[in-house]
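A short worksheet on the structure shown next.
Worth knowing before you read on, the calculation uses all heavy atoms, side chains too, and leaves out hydrogens, waters and symmetry mates.
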Amino acid sequence: MSLTQNYKLNLIQWYPGHIAKAEKQLKEQLTRVDVVLEVRDARIPLSTHHPQIDEWVGNKTRILVLNRLDMIPPPVRSLWVDWFKHQDQVAYFTNAQKGQGVVAIAKAAQAAGVKLNQRRHERGMLPRPVRAVVIGFPNVGKSALINRLLGKRVVESAARPGVTRSLRWVRISEQLELLDAPGVIPLKMGNQEAAVKLAICDDIGQASYDNQLVASAFIDLLNQLQETAGELLPSSPLYSRYQIDPVLYTGESYLQVLAEHRYQGDVERTARHLLTDFRKGLLGTIPLELPPHL
């Protein structure tokens, strides 16, 4: 049974006004951009792919950045590298908070600039900095990546979706200018399986979902993954942290038992704690998606 059937989660819709406005501005600015840095969450690389991005990017150079490298195990990273290679894409992994992998991103963007300026030179035009835009769902780490590329904090970043509210250009170097864009999300979340994963990872606004339903879905998803690809996950992450074995329960009943056991029966508080533990990495490095052939 799928997560959405189980929890009737066809309710995750979140499209605040500032996102609608930013998307309109973004489309206008994209005509001036040479390179698109598409930032996704390494825990859910497929669910954080915006369905319209291919149409927006067209034939511009695209650099695929999978952020939060520290939150998935190395073997899973290798599987994704191979899978994207089969799709003719190079996946760059980063931990933008710590700066890991960021130099490679800057080099890739500047390499695109070299080609651009060769073409300009052939047309008798002067060189100019390459213009790049950073696109991705809310809270996947776009602002942290820009701050790392700059080497200083100019863009406010926070562990909640929707902090970047407007578009602005940031000069990275003589060769590179970056457009920091607010998180973009599809107007309608048609794929509710993906929407649930976005909610689990906190890559969508909290106003859009119910913590208890999402925490229950997370437990079920974890049980599913342990069964199908246990060797790629930490051993019994929920049991290790809470001393209650989830295999005996549905997600919903596990949440109830955990609430009785630890939080005086407060299921809402339990759900929030469990999701926070996952988001902070306290349950270990847990990928919520694996390449489709697995």
Side-chain angles (χ1 to χ4, degrees), residues 1-12 41-48 68-80 83 139 159 189 191-204 206-294:
M1 188 183 278
S2 80
L3 296 176
T4 48
Q5 286 166 331
N6 207 354
Y7 285 101
K8 302 183 178 56
L9 279 171
N10 295 315
L11 302 169
I12 298 186
D41 187 325
R43 296 167 296 180
I44 48 170
L46 302 178
S47 294
T48 41
R68 303 215 172 97
L69 150 71
D70 52 314
M71 300 190 98
I72 61 167
V76 173
R77 174 188 175 175
S78 304
L79 291 171
W80 279 117
W83 187 81
N139 208 28
M189 295 298 299
N191 181 346
Q192 286 291 305
E193 294 272 337
V196 172
K197 291 173 188 168
L198 290 168
I200 294 168
C201 292
D202 201 24
D203 293 338
I204 193 168
Q206 272 186 338
S208 70
Y209 60 86
D210 175 308
N211 286 311
Q212 294 178 39
L213 289 179
V214 168
S216 302
F218 168 60
I219 296 159
D220 280 336
L221 177 57
L222 209 45
N223 277 341
Q224 229 171 298
L225 286 164
Q226 292 277 181
E227 213 174 291
T228 54
E231 71 288 356
L232 293 170
L233 271 74
S235 174
S236 316
L238 293 177
Y239 180 74
S240 304
R241 183 138 182 96
Y242 309 120
Q243 281 69 61
I244 299 171
D245 190 351
V247 175
L248 311 168
Y249 303 97
T250 64
E252 204 173 351
S253 54
Y254 185 84
L255 212 53
Q256 303 280 351
V257 171
L258 184 58
E260 294 302 327
H261 182 65
R262 289 185 79 133
Y263 301 105
Q264 291 85 47
D266 187 337
V267 181
E268 176 64 21
R269 191 169 153 227
T270 307
R272 284 203 308 268
H273 271 263
L274 191 131
L275 290 170
T276 301
D277 283 355
F278 166 69
R279 291 162 183 169
K280 287 186 168 173
L282 299 174
L283 302 177
T285 50
I286 299 175
L288 297 187
E289 284 179 342
L290 296 166
H293 64 272
L294 286 174

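- Checked against side chain to side chain donor-acceptor pair (under 3.5 Å), D277 has the following partners two or more places apart in sequence or in another chain: R241, Y242.
- Here the side chain of S47 pairs no donor or acceptor atom with the backbone of L198 at under 3.5 angstrom.
- Contact annotation: the side chain of Q226 approaches that of P237 to within less than 4.5 Å [non-hydrogen atoms, C-beta and beyond].
- The two residues Y263 and T270 make their nearest non-hydrogen contact at CD1-OG1, 3.2 Å.
- Between the CG atom of L79 and the CG atom of L232 there is a distance of 6.0 Å, given to the nearest 0.5 Å.
- Residues P287 and R43 have side chains not in contact (no heavy-atom distance under 4.5 Å, counting atoms from C-beta outward).
- S253 contributes no side-chain N or O that, together with a main-chain N or O of Y249, makes up a donor-acceptor pair within less than 3.5 Å.
- Using a distance-only test at 3.5 Å, with no hydrogens or angles considered, no donor-acceptor pair links the side chain of T285 to the main chain of G281.
- By the 6.0 Å contact criterion, CD on E227 is open, its count of non-hydrogen atoms from other residues, nucleotides or ligands being 12 or less.
- At distances below 3.5 Å, not a single donor-acceptor pair connects side-chain atoms of N211 with backbone N or O atoms of E268.
- Using a 4.0 Å cut-off between charged nitrogen and carboxylate oxygen, R279 and D203 do not count as a salt-bridge pair.
- Of the candidates L221, I44, T48, D41, E289 forms a side chain to side chain contact (heavy atoms under 4.5 Å, CB included) with just one, namely I44.
- Within the 4.5 Å cutoff, the side chain of S216 has no heavy atoms near those of the T250 side chain.
- Here the CG-CZ distance, from L213 to F218, works out to 15.5 Å after rounding to the nearest 0.5 Å.
- With W83 as reference, P291 is the one residue of P45, S78, P291 to meet the side chain to side chain contact (heavy atoms under 4.5 Å, CB included) rule.
- R262 has its side chain out of reach of H273: every pair of non-hydrogen atoms, C-beta onward, lies at least 4.5 Å apart.
- Atom CG of L258 is separated from atom CG of L238 by 8.5 Å, given to the nearest 0.5 angstrom.
- The CD atom of Q212 lies 9.0 Å from the CD atom of E252; values are rounded to the nearest 0.5 Å.
- When each of I219, L282, I200 is tested with L274 by the rule side chain to side chain contact (heavy atoms under 4.5 Å, CB included), just one qualifies, namely I219.
- Partners of R77 by side chain to side chain donor-acceptor pair (under 3.5 Å), not counting sequence neighbours: none found.
- No donor-acceptor pair under 3.5 Å is formed between the side chain of E260 and the backbone N or O of G265.
- R68 contributes atom CZ, which lies 7.5 Å from atom SG of C201 (distance to the nearest 0.5 angstrom).
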Report task. Decide salt bridge (charged side-chain N to carboxylate O under 4.0 Å, His left out) for D266 and R272; before the verdict, give the C-alpha distance in whole Å, the side-chain angles of both, and the deciding distance to 0.1 Å. Result -> CA-CA 10 Å; D266 187 337; R272 284 203 308 268; 6.0 Å; no
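- By the 4.5 Å heavy-atom criterion applied to side chains, P234 and I286 are counted as neighbours.
- Two residues are said to be in side-chain contact when any heavy atoms from C-beta on lie closer than 4.5 Å; Y254 and I244 meet this criterion.
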